[in-house]
Undergrad: 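One structure coming up, written as C-alpha coordinates, with questions to follow.
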There are 2 protein chains.
Amino acid sequence: MATRSELTSALKDAGFRLTPQRTAICAALAAREDHPTAQSIHEELKQQYESLSLTTVYQTLDSLVRIGAIRSLGTAGDDSVHYEPNIEPHINLACLTCHRIRDLESEAVRELEREVSEATGSKVLSGRVVYYSDCLLRADPNECPFSSKVADGTANTFGNVEPKR
Amino acid sequence: MATRSELTSALKDAGFRLTPQRTAICAALAAREDHPTAQSIHEELKQQYESLSLTTVYQTLDSLVRIGAIRSLGTAGDDSVHYEPNIEPHINLACLTCHRIRDLESEAVRELEREVSEATGSKVLSGRVVYYSDCLLRADPNECPFSSKVADGTANTFGNVEPKR
DNA sequence: ATTACTGCAAAAGATTTGCACTAGG
DNA sequence: CCTAGTGCAAATCTTTTGCAGTAAT
(Lines give C-alpha, C1' and ligand atoms only; values in the text may rest on other atoms or scores of the structure.)
Protein backbone atom coordinates (compact mmCIF):
# COMPACT_ATOMS: atom_id res chain seq x y z
CA MET A 1 0.00 0.00 0.00
CA ALA A 2 1.36 3.37 -0.97
CA THR A 3 2.13 5.82 1.80
CA ARG A 4 1.38 9.50 1.64
CA SER A 5 5.02 10.41 1.17
CA GLU A 6 5.51 7.80 -1.54
CA LEU A 7 2.71 9.42 -3.47
CA THR A 8 3.88 12.98 -2.94
CA SER A 9 7.45 12.01 -3.79
CA ALA A 10 6.27 10.37 -6.96
CA LEU A 11 4.56 13.58 -7.98
CA LYS A 12 7.57 15.69 -7.11
CA ASP A 13 9.94 13.35 -8.93
CA ALA A 14 7.75 13.54 -11.99
CA GLY A 15 8.12 17.30 -11.98
CA PHE A 16 4.78 18.26 -10.44
CA ARG A 17 4.64 21.03 -7.87
CA LEU A 18 3.69 20.09 -4.37
CA THR A 19 0.60 22.00 -3.36
CA PRO A 20 -1.44 21.61 -0.19
CA GLN A 21 -4.30 20.23 -2.29
CA ARG A 22 -2.17 17.54 -3.84
CA THR A 23 -0.65 16.64 -0.53
CA ALA A 24 -4.10 16.30 0.98
CA ILE A 25 -5.29 14.11 -1.85
CA CYS A 26 -2.23 11.88 -1.53
CA ALA A 27 -2.79 11.63 2.21
CA ALA A 28 -6.42 10.70 1.68
CA LEU A 29 -5.50 8.05 -0.85
CA ALA A 30 -2.88 6.54 1.41
CA ALA A 31 -5.22 6.48 4.38
CA ARG A 32 -8.16 4.86 2.68
CA GLU A 33 -8.70 1.16 2.67
CA ASP A 34 -11.30 1.19 -0.08
CA HIS A 35 -11.16 2.02 -3.77
CA PRO A 36 -12.28 5.64 -3.87
CA THR A 37 -13.76 7.67 -6.69
CA ALA A 38 -12.91 11.30 -7.37
CA GLN A 39 -16.22 12.29 -5.83
CA SER A 40 -15.65 10.36 -2.63
CA ILE A 41 -12.18 11.84 -2.15
CA HIS A 42 -13.60 15.28 -2.71
CA GLU A 43 -16.41 14.74 -0.24
CA GLU A 44 -14.00 13.49 2.35
CA LEU A 45 -11.54 16.34 1.97
CA LYS A 46 -13.82 19.28 1.56
CA GLN A 47 -14.73 18.99 5.22
CA GLN A 48 -11.25 20.16 6.16
CA TYR A 49 -10.34 22.00 2.97
CA GLU A 50 -13.62 23.56 2.04
CA SER A 51 -12.15 25.35 -0.93
CA LEU A 52 -10.84 22.16 -2.55
CA SER A 53 -12.41 21.78 -5.94
CA LEU A 54 -13.53 18.61 -7.63
CA THR A 55 -11.56 19.71 -10.65
CA THR A 56 -8.33 19.57 -8.73
CA VAL A 57 -9.16 16.12 -7.40
CA TYR A 58 -9.76 14.86 -10.92
CA GLN A 59 -6.56 16.41 -12.17
CA THR A 60 -4.44 15.07 -9.37
CA LEU A 61 -5.83 11.56 -9.67
CA ASP A 62 -5.19 11.67 -13.36
CA SER A 63 -1.60 12.78 -12.81
CA LEU A 64 -1.05 10.01 -10.29
CA VAL A 65 -2.38 7.45 -12.72
CA ARG A 66 -0.21 8.79 -15.51
CA ILE A 67 2.95 8.44 -13.47
CA GLY A 68 1.97 4.96 -12.33
CA ALA A 69 1.60 5.86 -8.67
CA ILE A 70 -2.00 4.69 -8.45
CA ARG A 71 -4.23 2.71 -10.80
CA SER A 72 -7.55 3.36 -12.42
CA LEU A 73 -9.88 0.38 -12.15
CA GLY A 74 -12.82 1.65 -14.18
CA THR A 75 -16.34 1.54 -12.85
CA ALA A 76 -17.91 -0.99 -10.52
CA GLY A 77 -21.41 -0.91 -11.92
CA ASP A 78 -21.86 2.72 -10.93
CA ASP A 79 -20.75 5.33 -13.41
CA SER A 80 -17.65 6.57 -11.73
CA VAL A 81 -14.09 5.50 -12.01
CA HIS A 82 -12.60 3.87 -8.95
CA TYR A 83 -8.95 4.37 -8.09
CA GLU A 84 -6.55 1.94 -6.53
CA PRO A 85 -3.86 3.25 -4.19
CA ASN A 86 -2.44 -0.26 -3.85
CA ILE A 87 -0.22 -0.92 -6.82
CA GLU A 88 1.00 -4.29 -5.57
CA PRO A 89 -0.19 -6.80 -8.17
CA HIS A 90 -3.47 -8.36 -7.05
CA ILE A 91 -6.97 -9.17 -8.22
CA ASN A 92 -9.95 -6.89 -7.57
CA LEU A 93 -13.41 -8.33 -7.09
CA ALA A 94 -16.15 -5.82 -7.81
CA CYS A 95 -19.73 -6.09 -6.69
CA LEU A 96 -21.98 -4.55 -9.31
CA THR A 97 -24.71 -4.09 -6.73
CA CYS A 98 -22.98 -2.40 -3.82
CA HIS A 99 -20.21 -0.98 -6.02
CA ARG A 100 -17.51 -1.97 -3.63
CA ILE A 101 -14.26 -3.60 -4.57
CA ARG A 102 -12.37 -6.20 -2.63
CA ASP A 103 -8.70 -7.08 -3.02
CA LEU A 104 -7.70 -10.66 -3.58
CA GLU A 105 -4.10 -11.75 -3.27
CA SER A 106 -2.77 -13.61 -6.24
CA GLU A 107 0.58 -14.91 -7.33
CA ALA A 108 -0.71 -15.38 -10.85
CA VAL A 109 -1.06 -11.61 -11.31
CA ARG A 110 2.66 -11.20 -10.86
CA GLU A 111 3.16 -13.69 -13.63
CA LEU A 112 0.71 -11.70 -15.73
CA GLU A 113 2.69 -8.53 -15.32
CA ARG A 114 5.83 -10.37 -16.33
CA GLU A 115 4.05 -11.50 -19.48
CA VAL A 116 2.93 -7.97 -20.25
CA SER A 117 6.40 -6.56 -19.69
CA GLU A 118 7.82 -9.11 -22.04
CA ALA A 119 5.21 -8.51 -24.72
CA THR A 120 5.47 -4.74 -24.62
CA GLY A 121 9.18 -4.54 -23.97
CA SER A 122 8.78 -2.26 -21.00
CA LYS A 123 7.88 -2.25 -17.35
CA VAL A 124 4.18 -2.43 -16.57
CA LEU A 125 3.07 1.02 -15.58
CA SER A 126 -0.58 0.55 -14.89
CA GLY A 127 -3.45 -1.80 -15.37
CA ARG A 128 -6.64 -3.22 -13.97
CA VAL A 129 -7.48 -6.77 -13.05
CA VAL A 130 -11.12 -6.74 -12.05
CA TYR A 131 -13.69 -9.51 -11.89
CA TYR A 132 -17.28 -8.47 -11.44
CA SER A 133 -20.35 -10.35 -10.39
CA ASP A 134 -23.62 -11.22 -12.07
CA CYS A 135 -25.77 -9.66 -9.39
CA LEU A 136 -27.71 -7.57 -11.87
CA LEU A 137 -29.56 -10.69 -12.96
CA ARG A 138 -30.90 -11.44 -9.53
CA ALA A 139 -34.43 -10.73 -8.52
CA ASP A 140 -33.65 -8.49 -5.59
CA PRO A 141 -31.42 -5.62 -6.57
CA ASN A 142 -30.61 -4.97 -2.94
CA GLU A 143 -29.02 -8.32 -2.52
CA CYS A 144 -25.25 -8.33 -2.50
CA PRO A 145 -24.03 -10.53 -5.33
CA PHE A 146 -21.32 -12.24 -3.40
CA SER A 147 -23.50 -13.03 -0.46
CA SER A 148 -26.15 -14.37 -2.79
CA LYS A 149 -23.79 -17.01 -4.06
CA VAL A 150 -23.45 -18.48 -0.64
CA ALA A 151 -26.32 -20.91 -0.32
CA ASP A 152 -25.50 -21.94 3.21
CA GLY A 153 -25.10 -19.43 6.01
CA THR A 154 -21.51 -18.50 5.17
CA ALA A 155 -20.61 -14.88 5.75
CA ASN A 156 -21.12 -12.32 3.04
CA THR A 157 -17.86 -11.49 1.34
CA PHE A 158 -18.52 -7.78 1.60
CA GLY A 159 -20.74 -7.48 4.64
CA ASN A 160 -24.04 -5.70 4.41
CA VAL A 161 -24.05 -2.57 2.36
CA GLU A 162 -26.56 -0.54 0.45
CA PRO A 163 -26.38 -0.28 -3.29
CA LYS A 164 -25.79 3.27 -4.45
CA ARG A 165 -28.28 3.23 -7.27
CA MET B 1 -14.35 -15.85 -30.26
CA ALA B 2 -18.09 -15.92 -29.88
CA THR B 3 -20.15 -16.55 -32.99
CA ARG B 4 -23.32 -14.74 -33.83
CA SER B 5 -25.47 -17.72 -32.98
CA GLU B 6 -23.69 -18.32 -29.71
CA LEU B 7 -24.57 -14.79 -28.69
CA THR B 8 -28.19 -14.96 -29.84
CA SER B 9 -28.62 -18.37 -28.21
CA ALA B 10 -27.23 -17.01 -24.98
CA LEU B 11 -29.81 -14.24 -25.04
CA LYS B 12 -32.64 -16.61 -25.86
CA ASP B 13 -31.58 -19.07 -23.19
CA ALA B 14 -31.51 -16.29 -20.65
CA GLY B 15 -35.12 -15.49 -21.49
CA PHE B 16 -34.61 -12.49 -23.73
CA ARG B 17 -36.70 -12.14 -26.88
CA LEU B 18 -34.91 -12.37 -30.17
CA THR B 19 -35.47 -9.17 -32.10
CA PRO B 20 -33.89 -8.13 -35.38
CA GLN B 21 -32.03 -5.41 -33.54
CA ARG B 22 -30.51 -7.80 -31.06
CA THR B 23 -29.62 -10.25 -33.78
CA ALA B 24 -27.89 -7.50 -35.71
CA ILE B 25 -25.95 -6.39 -32.68
CA CYS B 26 -24.86 -9.95 -31.96
CA ALA B 27 -23.79 -10.37 -35.56
CA ALA B 28 -21.81 -7.16 -35.45
CA LEU B 29 -20.09 -8.20 -32.25
CA ALA B 30 -19.19 -11.61 -33.62
CA ALA B 31 -17.85 -10.14 -36.84
CA ARG B 32 -15.65 -7.50 -35.31
CA GLU B 33 -12.04 -8.06 -34.52
CA ASP B 34 -11.68 -5.03 -32.33
CA HIS B 35 -13.12 -4.04 -28.98
CA PRO B 36 -16.10 -1.91 -29.91
CA THR B 37 -17.95 0.72 -27.94
CA ALA B 38 -21.72 1.16 -28.01
CA GLN B 39 -21.27 4.15 -30.29
CA SER B 40 -19.13 2.30 -32.78
CA ILE B 41 -21.58 -0.59 -33.01
CA HIS B 42 -24.39 1.87 -33.53
CA GLU B 43 -22.52 3.74 -36.22
CA GLU B 44 -21.73 0.54 -38.00
CA LEU B 45 -25.26 -0.82 -37.91
CA LYS B 46 -27.29 2.26 -38.60
CA GLN B 47 -26.09 2.17 -42.17
CA GLN B 48 -28.17 -0.93 -42.77
CA TYR B 49 -30.72 -0.52 -40.00
CA GLU B 50 -31.23 3.19 -40.02
CA SER B 51 -33.90 3.05 -37.37
CA LEU B 52 -31.67 1.29 -34.85
CA SER B 53 -31.35 3.42 -31.77
CA LEU B 54 -28.34 3.92 -29.61
CA THR B 55 -30.53 3.13 -26.63
CA THR B 56 -31.14 -0.36 -27.91
CA VAL B 57 -27.45 -0.90 -28.49
CA TYR B 58 -26.69 0.11 -24.92
CA GLN B 59 -29.42 -2.12 -23.57
CA THR B 60 -28.39 -5.13 -25.57
CA LEU B 61 -24.73 -4.80 -24.70
CA ASP B 62 -25.69 -4.50 -21.08
CA SER B 63 -27.81 -7.64 -21.28
CA LEU B 64 -25.01 -9.55 -22.94
CA VAL B 65 -22.60 -8.49 -20.23
CA ARG B 66 -25.04 -9.46 -17.52
CA ILE B 67 -25.42 -12.97 -18.85
CA GLY B 68 -21.69 -13.33 -19.27
CA ALA B 69 -21.77 -13.60 -23.06
CA ILE B 70 -19.44 -10.65 -23.58
CA ARG B 71 -17.27 -8.61 -21.26
CA SER B 72 -17.03 -4.96 -20.41
CA LEU B 73 -13.44 -3.72 -20.35
CA GLY B 74 -13.97 -0.16 -19.20
CA THR B 75 -12.47 2.76 -21.04
CA ALA B 76 -9.21 2.95 -22.95
CA GLY B 77 -8.34 6.52 -22.22
CA ASP B 78 -11.39 7.76 -24.09
CA ASP B 79 -14.59 8.08 -22.12
CA SER B 80 -16.52 5.18 -23.50
CA VAL B 81 -16.77 1.62 -22.40
CA HIS B 82 -15.23 -0.95 -24.70
CA TYR B 83 -16.76 -4.38 -25.02
CA GLU B 84 -15.04 -7.68 -25.54
CA PRO B 85 -16.76 -10.35 -27.64
CA ASN B 86 -13.93 -12.75 -26.90
CA ILE B 87 -14.57 -14.32 -23.53
CA GLU B 88 -11.65 -16.71 -23.72
CA PRO B 89 -9.36 -15.72 -20.84
CA HIS B 90 -6.63 -13.41 -22.09
CA ILE B 91 -4.89 -10.11 -21.37
CA ASN B 92 -5.90 -6.85 -23.04
CA LEU B 93 -3.33 -4.17 -23.76
CA ALA B 94 -4.87 -0.73 -24.13
CA CYS B 95 -3.26 2.25 -25.75
CA LEU B 96 -4.36 5.40 -23.98
CA THR B 97 -3.46 7.47 -27.01
CA CYS B 98 -5.12 5.69 -29.90
CA HIS B 99 -7.73 4.03 -27.67
CA ARG B 100 -7.30 0.66 -29.25
CA ILE B 101 -7.01 -2.60 -27.42
CA ARG B 102 -4.89 -5.57 -28.34
CA ASP B 103 -5.38 -9.13 -27.14
CA LEU B 104 -2.48 -10.97 -25.60
CA GLU B 105 -2.63 -14.71 -25.03
CA SER B 106 -1.85 -15.78 -21.51
CA GLU B 107 -1.96 -19.01 -19.61
CA ALA B 108 -1.68 -17.10 -16.35
CA VAL B 109 -5.13 -15.58 -16.86
CA ARG B 110 -6.70 -19.02 -16.74
CA GLU B 111 -5.02 -19.53 -13.42
CA LEU B 112 -6.41 -16.18 -12.30
CA GLU B 113 -9.93 -17.20 -13.08
CA ARG B 114 -9.44 -20.41 -11.16
CA GLU B 115 -8.35 -18.35 -8.19
CA VAL B 116 -11.37 -16.09 -8.48
CA SER B 117 -13.75 -19.04 -8.75
CA GLU B 118 -12.26 -20.54 -5.67
CA ALA B 119 -12.39 -17.31 -3.69
CA THR B 120 -15.97 -16.48 -4.64
CA GLY B 121 -17.30 -20.01 -4.69
CA SER B 122 -18.75 -19.68 -8.14
CA LYS B 123 -17.81 -19.73 -11.77
CA VAL B 124 -16.29 -16.53 -13.12
CA LEU B 125 -18.94 -14.73 -15.08
CA SER B 126 -17.20 -11.63 -16.23
CA GLY B 127 -14.13 -9.55 -15.70
CA ARG B 128 -11.53 -7.31 -17.23
CA VAL B 129 -7.80 -7.79 -17.43
CA VAL B 130 -6.43 -4.65 -19.00
CA TYR B 131 -2.98 -3.10 -18.93
CA TYR B 132 -2.67 0.40 -20.23
CA SER B 133 0.27 2.42 -21.35
CA ASP B 134 1.97 5.53 -20.10
CA CYS B 135 1.66 7.34 -23.38
CA LEU B 136 -0.02 10.33 -21.78
CA LEU B 137 3.32 11.37 -20.37
CA ARG B 138 4.96 11.57 -23.73
CA ALA B 139 5.66 14.85 -25.42
CA ASP B 140 3.75 14.19 -28.60
CA PRO B 141 0.14 13.23 -27.95
CA ASN B 142 -0.11 11.88 -31.46
CA GLU B 143 2.50 9.32 -30.84
CA CYS B 144 1.23 5.82 -30.24
CA PRO B 145 2.53 4.60 -26.91
CA PHE B 146 3.37 1.13 -28.05
CA SER B 147 5.17 2.29 -31.12
CA SER B 148 7.04 4.83 -29.07
CA LYS B 149 8.57 2.09 -27.00
CA VAL B 150 10.19 0.61 -30.03
CA ALA B 151 13.40 2.54 -30.45
CA ASP B 152 14.58 0.65 -33.53
CA GLY B 153 12.45 0.32 -36.64
CA THR B 154 10.31 -2.54 -35.35
CA ALA B 155 6.72 -2.43 -36.42
CA ASN B 156 4.20 -0.60 -34.33
CA THR B 157 2.12 -2.99 -32.30
CA PHE B 158 -1.07 -1.31 -33.39
CA GLY B 159 -0.25 0.09 -36.78
CA ASN B 160 -0.74 3.75 -37.48
CA VAL B 161 -3.89 5.23 -36.10
CA GLU B 162 -5.11 8.61 -35.08
CA PRO B 163 -5.96 9.37 -31.51
CA LYS B 164 -9.64 10.14 -31.08
CA ARG B 165 -9.22 13.04 -28.77
C1' DA C 1 -53.35 -11.29 -25.95
C1' DT C 2 -49.55 -10.18 -23.04
C1' DT C 3 -45.64 -8.17 -21.96
C1' DA C 4 -41.15 -7.19 -23.40
C1' DC C 5 -38.68 -4.23 -26.69
C1' DT C 6 -37.72 -0.15 -29.34
C1' DG C 7 -36.86 4.55 -30.29
C1' DC C 8 -37.28 9.24 -29.28
C1' DA C 9 -36.45 13.13 -26.50
C1' DA C 10 -35.06 14.63 -22.29
C1' DA C 11 -32.44 13.85 -18.10
C1' DA C 12 -28.81 12.57 -15.45
C1' DG C 13 -24.11 12.47 -14.14
C1' DA C 14 -19.34 12.18 -14.49
C1' DT C 15 -15.50 14.40 -16.29
C1' DT C 16 -13.33 18.20 -18.93
C1' DT C 17 -12.41 22.88 -20.38
C1' DG C 18 -11.74 28.04 -20.55
C1' DC C 19 -10.19 31.50 -17.96
C1' DA C 20 -8.75 34.75 -14.42
C1' DC C 21 -6.51 34.47 -10.11
C1' DT C 22 -3.04 32.53 -6.95
C1' DA C 23 1.09 30.56 -5.39
C1' DG C 24 5.14 27.15 -5.72
C1' DG C 25 10.03 27.04 -6.91
C1' DC D 1 9.47 36.48 -11.59
C1' DC D 2 7.31 32.83 -14.28
C1' DT D 3 4.79 29.26 -15.07
C1' DA D 4 2.06 25.67 -13.19
C1' DG D 5 -1.89 24.93 -10.36
C1' DT D 6 -6.51 26.11 -8.57
C1' DG D 7 -11.38 26.91 -8.55
C1' DC D 8 -15.47 28.31 -10.65
C1' DA D 9 -18.92 27.98 -14.09
C1' DA D 10 -20.09 26.30 -18.26
C1' DA D 11 -19.62 22.80 -21.59
C1' DT D 12 -19.24 18.12 -23.21
C1' DC D 13 -20.33 13.50 -23.67
C1' DT D 14 -21.65 9.11 -22.47
C1' DT D 15 -25.16 6.54 -20.63
C1' DT D 16 -29.86 6.24 -18.54
C1' DT D 17 -34.81 7.01 -18.17
C1' DG D 18 -39.80 7.91 -19.11
C1' DC D 19 -43.09 6.84 -22.17
C1' DA D 20 -45.99 5.75 -26.05
C1' DG D 21 -45.99 2.95 -29.87
C1' DT D 22 -44.63 -1.86 -31.80
C1' DA D 23 -43.73 -6.53 -32.08
C1' DA D 24 -42.17 -11.24 -30.17
C1' DT D 25 -44.01 -15.40 -28.34
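Given the structure is predicted, the values throughout are model-derived calculations rather than measurements. Numbered from 1 within each chain, the chains take letters A, B, ... in sequence-line order.
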Undergrad: Rounded to whole Å, how long is the line connecting atom CD1 of B:Ile41 with atom C1' of D:dT15?
TA: 15 Å
Undergrad: Output a table of donor-acceptor pairs, distance under 3.5 Å, between side-chain atoms of residues 45-53 of chain B and any protein atom two or more places apart or on a different chain; print 'none' if there are none.
TA:
from    : atom 1 : to      : atom 2 : distance (Å)
B:Ser53 : OG     : B:Thr56 : N      : 3.2
B:Ser53 : OG     : B:Thr56 : OG1    : 3.1

Undergrad: For DNA chain D, whose closest nucleotide is more 5', that of B:Val81 or that of A:Arg22?
TA: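 The answer here is A:Arg22.
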Undergrad: Should B:Arg71 and B:Glu113 be marked as a salt bridge (Lys or Arg N to Asp or Glu O under 4.0 Å) after you check the CA-CA gap, both sets of side-chain angles, and the distance that decides it?
TA: CA-CA 14 Å; B:Arg71 294 189 175 193; B:Glu113 307 216 345; 3.1 Å; yes
Undergrad: Return no unless some side-chain N or O of A:Tyr58 is found under 4.0 Å from OP1 or OP2 of C:dT15.
TA: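 A:Tyr58 to C:dT15 OP1/OP2: side-chain N or O found under 4.0 Å.
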Undergrad: Considering residues at least two apart in sequence or located in another chain, which fulfil the side-chain hydrogen bond (donor to acceptor under 3.5 Å, both in side chains) criterion with B:Ser106?
TA: A:Glu115
Undergrad: Using whole Å, report how far CD1 of B:Ile25 lies from C1' of C:dC5.
TA: 11 Å
Undergrad: Counting only side-chain N and O atoms of A:Thr55, is one of them less than 4.0 Å from OP1 or OP2 of D:dT6?
TA: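 For A:Thr55, the contact criterion (side-chain N or O under 4.0 Å from OP1 or OP2 of D:dT6) is not met.
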Undergrad: Within the sub-3.5 Å range, which N or O atoms of nucleotides 19-25 of chain D have a protein N or O partner, and how far apart are they?
TA:
from   : atom 1 : to      : atom 2 : distance (Å)
D:dA24 : N3     : B:Arg17 : NH1    : 3.3
D:dT25 : OP1    : B:Leu18 : N      : 3.0

Undergrad: Flag yes if A:Phe16 and A:Ile70 sit in one hydrophobic cluster, no otherwise; membership is Ile, Leu, Val, Met, Phe, Trp, Tyr, and two members link when side-chain heavy atoms are under 4.5 Å apart.
TA: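 A:Phe16 clusters together with A:Ile70.
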Undergrad: Which other residues end up in the same hydrophobic cluster as A:Leu54, if Ile, Leu, Val, Met, Phe, Trp and Tyr are linked when side-chain heavy atoms come under 4.5 Å apart?
TA: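 Traced through the cluster, A:Leu54 reaches A:Tyr58.
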Undergrad: If you look only at pairs with a residue in residues 2-23 of chain A, which of them pass as a salt bridge (charged side-chain N to carboxylate O under 4.0 Å, His left out), with sequence neighbours excluded?
TA: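 Qualifying pairs, neighbours excluded: none.
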Undergrad: For B:Thr75, what residues pass the side-chain contact (heavy atoms from CB on, under 4.5 Å) criterion, not counting sequence neighbours?
TA: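 Counting only residues at least two positions away or on another chain, B:Thr75 forms a side-chain contact (heavy atoms from CB on, under 4.5 Å) with A:Arg128, B:Asp78.
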Undergrad: B:Asp34: what forms a side-chain contact (heavy atoms from CB on, under 4.5 Å) with it, not counting sequence neighbours?
TA: B:Arg32, B:Pro36
Undergrad: In whole angstrom, what separates A:Tyr49's OH from D:dG5's P?
TA: 19 Å
Undergrad: Using a cut-off of less than 4.0 Å, is there contact between a side-chain N or O of B:Ser53 and OP1 or OP2 of C:dC8?
TA: no
Undergrad: Measure from CD on A:Gln21 to P on D:dG5 and round the result to the nearest Å.
TA: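 Going from CD in A:Gln21 over to P in D:dG5 covers 11 Å.
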Undergrad: Who pairs with A:Glu88 by side-chain contact (heavy atoms from CB on, under 4.5 Å), at least two apart in sequence or on another chain?
TA: A:Asn86, A:Arg110
Undergrad: Between C1' on D:dT6 and CG on A:Leu45, what's the gap in Å once rounded to a whole number?
TA: 15 Å
Undergrad: Does OP1 or OP2 of C:dA4 have a side-chain N or O of B:Gln59 closer than 4.0 Å?
TA: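 So the side chain of B:Gln59 is outside the cut-off, no N or O lying under 4.0 Å from OP1 or OP2 of C:dA4.
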Undergrad: When the distance from OH of A:Tyr83 to C1' of C:dA14 is rounded to whole Å, what number comes out?
TA: 10 Å
Undergrad: Describe, as an angle rounded to 10 degrees, how the axis at the first end of the helix from C:dA1-D:dT25 to C:dG25-D:dC1 is tilted relative to the axis at the last end, five pairs per end.
TA: 50°
